[in-house]
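Proteins come first, then strands; the chains are lettered A, B, ... in the order of their sequence lines, and each starts at number 1. These numbers come from a predicted model, not from an experiment. Only this structure's heavy atoms are used, side chains among them; waters, hydrogens and symmetry mates stay out.
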2 protein chains.
Amino acid sequence: MSGSRAAAKARTHENLLDAAATVFAERGYGAASVEEIARTAGVSVGSVYAHFTSKEKLFVALMERRSAGEFATAQAALADGFEAAVPALNRQLLAEADSAHLAELGAEAWLYGLRSPGFGAELAAHHRRVHDVVVEMVTRERERRGTTLAMTDGEVGTVATALARGLVHYRRMSPETVPDDLFGRTLIALLRGLEAPGPPAAPASPPASGPGDRASDDA
Amino acid sequence: MSGSRAAAKARTHENLLDAAATVFAERGYGAASVEEIARTAGVSVGSVYAHFTSKEKLFVALMERRSAGEFATAQAALADGFEAAVPALNRQLLAEADSAHLAELGAEAWLYGLRSPGFGAELAAHHRRVHDVVVEMVTRERERRGTTLAMTDGEVGTVATALARGLVHYRRMSPETVPDDLFGRTLIALLRGLEAPGPPAAPASPPASGPGDRASDDA
DNA sequence: GTCTATAGCGAGATAGAC
DNA sequence: GTCTATCTCGCTATAGAC
């Protein structure tokens, strides 16, 4: 059942990352101790340093594993169309908010990124990748509907990701204030509000601004 | 110029809170040291403990000062009507996102609240007060327009505060992805999308649900 | 690769003079 | 109330046996 020694090493590696997730989330990066991480993983302190050269490298490795998973989940949510993606993203939001550690790790990552320029750049790149996935979903849905929006697709993606982040934040703090489906309902209402250019009088005649292209770009 | 000894004490007290804001924001709660806070404030370590019984109490005192200021600003933004409040809240958002320390302190407060039950309750209460101010603004605007919304006023307030939080988060990480006026534009579009019940056919005839009251409540 | 033991340092908090 | 000096403890990281 226990495989080769290489498999045992890999298992220890994963156990350490799991333990690190728990301890970093519960104590915060600065207050977390390598000793507690080792104890949680069921190994000694020496073993930790055989796998990771420092506490910092362990934290970064954990964050990279987390980013990879997050991106994969976002892509999977997009695979089906908009109709299915919205509740899927909503579920992911609930999972993060109601998890014991995910939201805390997100905040720790963000703070660490602000303090460490190199990691900050990686974190921004990760967010850009997730953002692009959401934007692609918006673009597809806009084109399917054949309408124009009063915002760029990039801006809609930014609003959607920011709203999700904020709702996770508040639901973790005060669960009863954020209903399960609030994210999805808000997104749908927002698109609705962005669609119609004016009062229901003029069917299709935007003011004399640029050409009728209001698509993919950030800012 | 230097006033009484009581005034000097009060000045040291404020200097310590300012220094604590800087150091806690830059290092994080766990990694911040009382020695650095003392040095930043220009006093000795002993003086810090003459004003605050522990590092933790100093942090909590800082957070309370911060909450008081935040609430006052929110109330001031509401004082004028909706039209003026939206850009005012937008400005507050930009100030927090572009400040050197405000957003970090918010994240530290949130994390600390999750780890310390007592403080978490205070933080949730603070958020509820801010939330209530926003909800009152929404209620007033809805009644002024004489319309109904596809969401409770409480939910709109939750979405607005969550969106603001998320936009601060992402603007601090990647400033170029969050345009200055995105919050205000989104809020207006959202209300627009929440207003009209159906297609522009039926002027005023909601389905056969409850009485026409869709006002203040959270969930 | 994993362990035990420890070096070496910095942290929070206190004592006592002024 | 503010200072200097210090106590005491826990931390990161390493050394060396197995």
Side-chain angles (χ1 to χ4, degrees), chain A residues 1-63 108 111-112 115-116 118-119, chain B residues 1-63 108 111-112 115-116 118-119:
Chain A
M1 186 86 76
S2 56
S4 65
R5 275 178 301 193
K9 174 188 168 185
R11 200 164 45 250
T12 297
H13 196 88
E14 289 302 307
N15 286 347
L16 279 172
L17 288 176
D18 292 343
T22 300
V23 177
F24 281 133
E26 287 180 352
R27 310 279 184 205
Y29 176 76
S33 82
V34 174
E35 188 277 332
E36 185 176 1
I37 293 171
R39 181 158 32 86
T40 304
V43 298
S44 69
V45 179
S47 274
V48 177
Y49 285 94
H51 283 263
F52 304 94
T53 59
S54 69
K55 175 182 170 182
E56 200 168 0
K57 290 285 176 60
L58 170 56
F59 181 76
V60 170
L62 169 64
M63 289 302 140
E108 292 288 341
L111 285 167
Y112 187 79
R115 285 157 195 159
S116 160
F119 185 78
Chain B
M1 186 81 81
S2 58
S4 66
R5 275 176 303 195
K9 175 187 169 184
R11 199 162 48 246
T12 296
H13 196 88
E14 289 303 306
N15 286 347
L16 279 173
L17 288 176
D18 292 342
T22 299
V23 177
F24 281 133
E26 287 179 352
R27 311 278 184 206
Y29 176 74
S33 81
V34 174
E35 187 276 333
E36 185 176 0
I37 294 171
R39 183 159 30 86
T40 304
V43 297
S44 70
V45 179
S47 274
V48 176
Y49 285 94
H51 283 264
F52 304 95
T53 60
S54 69
K55 175 184 171 182
E56 201 167 359
K57 290 285 175 59
L58 169 56
F59 181 76
V60 171
L62 169 63
M63 289 302 139
E108 292 289 340
L111 286 167
Y112 186 79
R115 287 159 193 156
S116 161
F119 185 78

Requested in this report: Ignoring hydrogens and angles, state whether a donor on the side chain of Glu56(B) or Tyr112(B) is under 3.5 Å from an acceptor on the partner side chain.
Outcome: yes
With a 4.5 Å cut-off on side-chain heavy atoms, are [Y] and [X] touching?
X: Glu108(B); Y: Phe24(B); answer: no
X: Leu17(A); Y: Leu58(A); answer: yes
X: Leu111(A); Y: Leu111(B); answer: yes

* In terms of ring plane angle, is the pair Phe59(B) and Phe119(B) parallel, tilted or perpendicular, where the classes change at 30° and 60°? -> tilted
Between OH of Tyr49(A) and P of dC11(D) the distance, given in whole Å, is 11 Å
Hits for ring pair (Phe, Tyr, Trp, His ring centres under 6.0 Å) against Tyr49(A), two or more places apart or cross-chain, chain-then-number order -> none
Sorted by number, residues from residues 27-40 of chain B placing a heavy atom under 4.0 Å from DNA chain D are none
Of Glu56(A) and Thr12(B), the one whose closest nucleotide on DNA chain D sits nearer the 5' end is Thr12(B)
With a 4.0 Å cut-off (strictly under) to non-hydrogen atoms of chain A, the first and last hit nts on DNA chain C, 5' to 3', are dG1(C) to dT4(C)
Paired with Thr40(A), the side-chain contact (heavy atoms from CB on, under 4.5 Å) test is passed by just one of Asn15(A), Val23(A), Leu16(A), namely Val23(A)
Exercise for the section: Evaluate the criterion side-chain contact (heavy atoms from CB on, under 4.5 Å) for residue pair Glu26(B) and Arg115(A); output intermediate values, then yes/no. Expected result: CA-CA 7 Å; Glu26(B) 287 179 352; Arg115(A) 285 157 195 159; 5.8 Å; no
